[in-house]
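Here's the structure we're looking at; comments come further down.
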Amino acid sequence: MSTQVQAWKMKKQVVVVGAGPGGVVMAYLLARSGVDVVLVERHTKLDREFRGYFFQPLVLKLLDEMGLLTGLLKRDHHKTDSFHFIDRKKELFSVNFFELSPPYNYGLLMHQPLFLAYLIEQASRFKTFTYLSGTRVTELYKENGRTAGIKALQGQEELIIRSQLVVGADGRFSTIRKLAGIEMEQETHDLDFIWFDLPGQPEGHAGHLQIQIERDGMLIYTPKGSDLTQIGWVIPKGTYTEVRARGLDSLKRQLMAVDPHIAPLLHHLVDFKQISVLDIQVAMAAEWVQDGLMLIGDAAHIASPFSGQGNSLAIQDAVVAHGVIMQALERAGTEVLSQETLKPLEQLRRRPVEKIKRIQRMQAKMITIKNPLLVALRRTILPIIRRTPIFRRMRNTIAMGTTPIYIRSQYFKQ
């Protein structure tokens, strides 16, 4: 005799899927605005997979407008006021955040689980917020052909959450995007990154973000506090299997050929299990909204890691989406939010994201030049360009976004 399991049912105004930076900011803003919102995360822990640790100055401004920056800065973090590009021992340029208008004249490096936990903690102050971890979305719940919620599994228990809107903030491999049948328009990219952490800091780096290029390769240094550095190594796309086959000693020799100062730290690298591979993908969703459904962050657009834009773009999406959703809820009453009322998100955000991606493509081409003549040209021209208004405008765009963005605090209930 078979036993039919009764699904656990819940009704919310908005379901946010994915507790990354965009998802937690989205859920916080909605909860503080009195919207009945549930944040659904498939993992049971926030510390998983490779995650970006850098938050642009614009993010600091937005957090301050939310009243959260002071509290966040009480968590373990590292401030960086510049980013340096070194080409064969010569500094070609530096992006100096300290030249921006204070108080948002630095970038923030923070272990991402600390950031996520803090935002979830703050959202939990509002009675309209619910957090479900260890919950995996399996289907979109449909009514009259429109998305009206999700079906999920929490352990072995089936869960149905009906809603007026499902926000897919679940990253580059978005389940929500796939279930909605939305295609990604891919760009080709010739590189992958491998990343690993080493205790301490290489001599002479003084806690700065830095790209260092030599004939033998390119290293990326990201300080994660005074006692930990994230090391990035750029490899041709799809060649990580070959890197492993050559062994750790071969990899270490390559790293030391680029920067001998890293040698004293490399004895901490003892196993390939310490290394994460970032398959660089750059893509844009064909559409960001449908009836009852919205995509933000990497679910809508995957940026390259150049200039550290992933977290900032996702949070910008969430801030803009907050205003769009609040207006759509006012118009919809209790009905599923229509594609028409959600469309302003894509109209407001697609072009700024495309502009950032153009800058990233230019950076990637500039950094990965191999031709000796072009390398010599780069070493001559870039130090000149960095003193021009063009370079300052690009720095401001990278740090503060392409268009002004503000928190719609008029919707806050408390």
Side-chain angles (χ1 to χ4, degrees), residues 14-18 20-23 25-26 40 42 52 137-151 163-191 237 278-306 309-325 327-328 332 336-362 364 401-403 405:
V14 178
V15 179
V16 178
V17 180
V25 170
M26 180 86 270
V40 175
R42 68 186 178 95
V137 177
T138 56
E139 294 181 50
L140 294 176
Y141 179 78
K142 298 281 188 172
E143 288 181 354
N144 301 319
R146 301 190 301 173
T147 297
I150 62 168
K151 294 182 180 180
S163 66
Q164 295 176 261
L165 176 66
V166 174
V167 178
D170 50 339
R172 60 166 59 191
F173 304 111
S174 172
T175 296
I176 298 303
R177 185 183 67 234
K178 293 172 184 174
L179 291 173
I182 298 174
E183 297 293 328
M184 291 295 275
E185 299 164 352
Q186 298 277 350
E187 297 180 21
T188 58
H189 217 291
D190 298 329
L191 303 174
K237 179 164 286 295
L278 178 62
D279 176 12
I280 297 180
Q281 299 179 20
V282 180
M284 184 85 77
E287 57 180 347
W288 297 16
V289 297
Q290 297 176 350
D291 289 340
L293 185 139
M294 170 185 286
L295 302 177
I296 66 171
D298 279 1
H301 46 78
I302 306 171
S304 90
F306 288 103
Q309 290 294 313
N311 290 336
S312 180
L313 291 175
I315 291 170
Q316 289 176 61
D317 286 354
V319 170
V320 174
H322 168 236
V324 171
I325 293 169
Q327 292 178 14
V336 168
L337 304 189
S338 69
Q339 183 180 38
E340 178 187 359
T341 60
L342 299 174
K343 196 69 175 176
L345 171 70
E346 187 171 349
Q347 294 168 341
L348 290 168
R349 290 295 300 149
R350 182 179 280 269
R351 292 181 71 179
V353 170
E354 288 175 339
K355 183 173 182 179
I356 290 294
K357 289 171 69 175
R358 285 196 297 272
I359 292 174
Q360 290 181 316
R361 282 193 291 270
M362 179 189 67
T402 64
T403 54
I405 292 179

- request: Just do the side-chain contact (heavy atoms from CB on, under 4.5 Å) check on L345 and I296 with the steps written out, would you?
  value: CA-CA 9 Å; L345 171 70; I296 66 171; 4.0 Å; yes
message: Using side-chain contact (heavy atoms from CB on, under 4.5 Å), reason through V15 and Y141 one step at a time and then give a plain yes or no.
response: CA-CA 12 Å; V15 179; Y141 179 78; over 6 Å; no
task: For side-chain contact (heavy atoms from CB on, under 4.5 Å), just list the numbers for V166 and V137, CA-CA rounded to whole Å, side-chain angles, deciding distance to a tenth of an Å, and then say yes or no.
output: CA-CA 11 Å; V166 174; V137 177; over 6 Å; no
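Note: L165 CG to D291 CG = 10.5 Å, rounded to the nearest 0.5 Å. Rounding to the nearest 0.5 Å gives a distance of 6.0 Å between CG of L140 and CG of L293. One finds the CG atom of D279 at 6.5 Å from the CZ atom of R172 (value rounded to the nearest 0.5 Å). With rounding to the nearest 0.5 angstrom, the CD atom of Q309 is 7.5 Å from the CD atom of Q316. Rounded to the nearest 0.5 Å, atoms CD1 (I405) and OG (S312) are 7.5 Å apart. To the nearest 0.5 Å, atom CD1 of residue I325 and atom CG of residue L342 are 7.0 Å apart.
Listed by chain and residue number, nothing satisfies the salt bridge (Lys or Arg N to Asp or Glu O under 4.0 Å) test with R351 (two or more places apart in sequence, or in another chain). Remark: S163 engages no residue in a side chain to side chain donor-acceptor pair (under 3.5 Å) (not counting sequence neighbours).
The shortest heavy-atom contact between M26 and A321 is SD-CB, 3.8 Å. The shortest non-hydrogen separation linking A285 to R350 is O-NH2, 2.8 Å. Minimum heavy-atom separation, P344 to V324: CB-CG2, 4.1 Å. The minimum heavy-atom distance linking P21 with N311 is given by the pair CG-OD1, 3.4 Å. The shortest non-hydrogen separation linking L337 to A328 is CD2-O, 3.7 Å.
Under the 3.5 Å distance criterion, the side-chain polar atoms of E143 are left unmatched by any main-chain donor or acceptor of A148. The backbone N or O of V289 sits less than 3.5 Å from a side-chain atom of Q339, completing a donor-acceptor pair. Judged by distance alone, the side chain of E139 and the main-chain N or O of K151 form no donor-acceptor pair under 3.5 Å. D317 contributes no side-chain N or O that, together with a main-chain N or O of R349, makes up a donor-acceptor pair within less than 3.5 Å. Proximity of a side-chain donor or acceptor of Q290 to a complementary backbone N or O of A180 within less than 3.5 Å is detected.
Side-chain contact between Q281 and M184 is absent, with no heavy atoms from C-beta onward closer than 4.5 Å. S174 is not listed as a side-chain neighbour of D298, based on a closest heavy-atom distance of 4.5 Å or more.
A salt bridge is defined here as a Lys NZ or Arg NE, NH1 or NH2 lying under 4.0 Å from an Asp or Glu carboxylate O, and E340 with K343 fails to meet this definition.
Screening residues 176-185 for salt bridge (charged side-chain N to carboxylate O under 4.0 Å, His left out), with sequence neighbours left out, gives no hits.
For the side chain to side chain contact (heavy atoms under 4.5 Å, CB included) test with V40, the passing option among V16, I150, D170 is I150; the others fail.
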